[in-house]
Amino acid sequence: MKILLVAPKREELKYARKIGEEMALTMKDFQVRVVEVSNLDKEEIYSLKVAKGKPSTYKIERILPCIADSSKIRFIAQLDANVEDLLPILYLHLKRSNYLEALDVLTFTTDKEEMITIYGNGRVCAGKVKDENRAKEILLKLIDLLSKAYDYLSRHGPPSVEMLEARRKLNPNTVYNNLPKLNCEKCGEKSCFTFAIKLISGEKKLLECKPLIEEEKYRKNRELLEKLFNPLL
Ligand code: SF4
């Protein structure tokens with residue numbers, strides 16, 4: 001019997017590392033990141049009390065030089081509503097996000113590698129942002145997402161523990177194991193594993209794997225992956 005060893009491609013390693021870094025974020029790292037981005041003390045973060053609701057406006061309170069990248073800015077803003085009930089929904093929706101219920105805080109990384117932190121009381125802090133215009137764009141997009149999360153909450157109630165648990169388990173191996181594993185390149189990637197990694201990073205969509213979408217024998221896998229990637233549908 002021949003055993004064929006296939007070394008991971010450089011591109012696969014690069015993306016696996018990127019995802020690994022995102023997913024291996026420990027509780028300590030998470031808190032350090034939160035503090036680095038906001039540069040606010042605990043009192044300043046949690047003292048503000050705002051009523052729960054659907055956020056519709058924001059106020060940028062401070063614009064400061066970015067600590068991680070001196071060519072960029074970081075900002076601190078305040079939404080006009082408490083969004084603590086919406087954070088778990090956003091966590092399900094945003095692939096590159098971490099949610100810490102105990103701290104009532106969600107962080108996520110945008111496709112431009114900006115780091116955003118949202119607190120339950122509507123405080124928003126962001127780092128690695130290009131300029132003030134981009135900050136406004138981020139906040140408007142965030143309000144739009146939170147409004148959708150609010151509508152979801154009104155219709156379906158809070159996400160179940162099972163949904164949150166499935167989201168926490170989302171990793172390249174789980175995804176890869178449910179792909180057809182044909183390495184047919186119809187999705188534009190050299191291998192199913194690369195596709196799995198890019199699905200998690202948000203660079204690819206399930207629809208791009210034609211065998212998975214079109215062939216009946218993969219129906220169960222497709223349904224499972226759809227639930228993992230689009231739990232709010
Ligand atoms: S189209 Fe699907 S089966 Fe083909 S390589 Fe991409 S992920 Fe794998």
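Atoms within a ligand are numbered from 1 in the order they appear, just like the ligands themselves. In what follows, every heavy atom counts, from backbone to side chain, and hydrogens, waters and symmetry copies are set aside.
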Item checked: Side-chain donor/acceptor of Arg123 to backbone N/O of Gln78, under 3.5 Å -> no

Notebook entry, point to check: Around Glu61, counting heavy atoms of other residues, nucleotides and ligands shown, do more than 12 lie under 6.0 Å from its CD?
Noted result: yes

Next item on the list: Just the protein N/O/S atoms under 2.8 Å from atom 8 (Fe) of ligand 1, please, no waters.
Entry: Cys192 SG

Check: Partners of Tyr150 by ring-ring contact (aromatic ring centres under 6.0 Å, His included), sequence neighbours excluded?
Finding: none

Next item on the list: Have a look at Glu165 and tell me which of Arg168, Glu162, Arg167 forms a side-chain contact (heavy atoms from CB on, under 4.5 Å) with it.
Entry: Arg168

Check: Near Lys72 NZ, under 6.0 Å, is it more than 12 heavy atoms from other residues, nucleotides or ligands?
Finding: yes

Note to self: Under the criterion side chain to side chain donor-acceptor pair (under 3.5 Å), I'd like the reasoning laid out for Thr174 against Asn171: C-alpha separation, chi angles, the key distance, then a yes or no.
What the structure shows: CA-CA 6 Å; Thr174 315; Asn171 65 56; 3.0 Å; yes

